[in-house]
Amino acid sequence: MAKKNIFTDSFGTPYFLKRLIIFILGIISYRRFNGFNKLKITGTENLVDLPDSNVLFVSNHQTYFADVAAMYHAFCAVNNGYLNTIKNPIYLLNPRVDFYYVAAEETMNKGILPKIFKIAGAVTVKRTWRAEGKNVNRLVDLNEIDNIMKALDNGWVATFPQGTTAAFAQGRKGTAKLVKNQRPIVIPIKINGFRRAFDKKGLRVKVTGVKPTMEFKKPLDIDYDNENAQEILHKIMTAIEQTEDFNVLHTYDEEIKAKKSEQNKSQN
């Protein structure tokens, strides 16, 4: 595996460029999270004693970039001793540069903003089940897996196991297989309110006065030797609260169906 050095990250991107981009994006997005809308961050005390590498963050996904931008703010704040707050943006002067996130390749190649975010730390992958709005069925590119492992070997990585911004979409086993093989520390992140506050494909504010939340949970307890990928995936999806057990609307729909069924029986 390639290794970073004092000048570049593990993919050869100059650190000075990453620092500049993180600073600029941080300044641009700051008022989105601490002005127009007040981001509430909890659980960053769980990040303080983490190692500098082989840490995997698993999160639900609501927008293409606002979720990741908020993570950068949180990680940079923790890197400078600020817990559960992003009120002092001086932390942007000393960012966590060895942070990477997994993103769909087709998303990161469209427009200026995605390309800038890509330089900041994207590890791009081609989705095996979806491309350009159509269902596909293609094999996993092993080079992409190697890139994710390279990022884990040299820093922190965030991934979105559902591979989509749709709520309660099924998780993909690829994340669980990576966890079983690489054995990282796995930190679940639960986000909420981003879909309502920000547009899906950029950093534009849709509604002001929203209080989006980002909760960093304790590391998952995983038996890497004895748990299979499906069991690990279930733990991940439960931790980020994306199983049907957390789907209030689904429960509500089922209750309505049950009431209608009872009414029909009583009428008959």
Side-chain angles (χ1 to χ4, degrees), residues 3-11 13-60 65-102 116-117 119-123 151-160 184-194 197-198 203 210-221 239-240:
K3 293 291 183 181
K4 60 188 178 183
N5 58 52
I6 61 173
F7 300 109
T8 64
D9 70 6
S10 53
F11 296 96
T13 304
Y15 278 133
F16 81 87
L17 181 58
K18 293 187 72 171
R19 289 178 182 276
L20 178 63
I21 288 175
I22 292 171
F23 178 79
I24 293 174
L25 288 175
I27 292 299
I28 291 173
S29 61
Y30 180 72
R31 288 196 67 200
R32 272 90 169 153
F33 302 122
N34 201 41
F36 300 115
N37 296 300
K38 296 288 187 180
L39 174 64
K40 181 180 179 181
I41 301 175
T42 57
T44 55
E45 62 274 7
N46 295 318
L47 313 183
V48 174
D49 296 322
L50 292 176
D52 290 332
S53 63
N54 209 33
V55 178
L56 182 69
F57 295 87
V58 291
S59 177
N60 61 315
F65 301 110
D67 309 5
V68 173
M71 289 179 192
Y72 270 107
H73 278 283
F75 293 147
C76 292
V78 171
N79 197 48
N80 290 273
Y82 300 104
L83 300 183
N84 297 327
T85 181
I86 59 169
K87 289 185 178 180
N88 190 348
I90 193 171
Y91 55 73
L92 292 171
L93 294 173
N94 181 34
R96 174 171 285 279
V97 288
D98 288 312
F99 166 59
Y100 306 90
Y101 61 96
V102 180
I116 293 174
F117 261 96
I119 297 173
V123 180
L152 278 170
D153 281 341
N154 292 280
W156 292 1
V157 176
T159 189
F160 306 94
I185 295 173
V186 180
I187 305 289
I189 304 176
K190 173 64 173 67
I191 66 170
N192 194 28
F194 283 76
F198 308 103
L203 292 173
V210 179
K211 294 182 179 180
T213 61
M214 178 170 283
E215 178 187 1
F216 294 88
K217 299 188 177 183
K218 294 181 178 180
L220 288 182
D221 182 12
I240 64 176

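- Minimum interatomic distance between T85 and A77 (heavy atoms only, all atoms of both residues): O-CB, 3.5 Å.
- You'll find the ring centres of Y72 and F65 outside the 6.0 Å limit.
- Here the closest non-hydrogen pair linking K218 and I187 is C-CD1, 4.5 Å.
- Note that the NZ atom of K40 and the CG atom of N84 stand 9.5 Å from one another [nearest 0.5 Å].
- Taking OG1 of T42 as the start and CE of M214 as the end, the distance is 10.0 Å to the nearest 0.5 Å.
- Judged purely by atom type and a 3.5 angstrom limit, N192 has no side-chain atom pairing as donor or acceptor with the backbone of P212.
- Side chain to side chain, Y15 and D98 meet the donor-acceptor criterion of an N or O pair below 3.5 Å.
- Separation of atoms CD1 (I185) and CG (N54) is listed at 7.5 Å; rounding is to 0.5 Å.
- Of all heavy-atom pairs spanning F11 and D9, the tightest one is N-OD1, 2.8 Å.
- Going from atom CZ of R19 over to atom CG of L93 covers 10.0 Å, rounded to the nearest 0.5 Å.
- Surrounding NZ of K217 are more than 12 heavy atoms belonging to other residues, nucleotides or ligands, all under 6.0 Å away.
- Looking at every heavy atom in both residues, I119 comes nearest to K18 through O-CG, 3.9 Å.
- Minimum heavy-atom separation, I240 to V58: CG2-O, 3.4 Å.
- The only option from F99, F216, Y101, F75 that meets the ring-ring contact (aromatic ring centres under 6.0 Å, His included) definition with W156 turns out to be F75.
- Judged by distance alone, the side chain of S29 and the main-chain N or O of L25 form a donor-acceptor pair under 3.5 Å.
- Note that CG of N154 and CG of N5 are 10.0 Å apart. Values are rounded to the nearest 0.5 Å.
- For the side-chain contact (heavy atoms from CB on, under 4.5 Å) with P89, the qualifying choice from F33, Y30, F23, Y82 is Y30, the only one to do so.
- Taken to the nearest 0.5 Å, the CG atom of L83 stands 10.0 Å off from the CG atom of N46.
- Residues F198 and L203 approach most closely at CD2-O, 4.4 Å, considering heavy atoms.
- Counting only distance, with no hydrogens or angles, the side chain of S59 and the backbone of F160 share no donor-acceptor pair below 3.5 Å.
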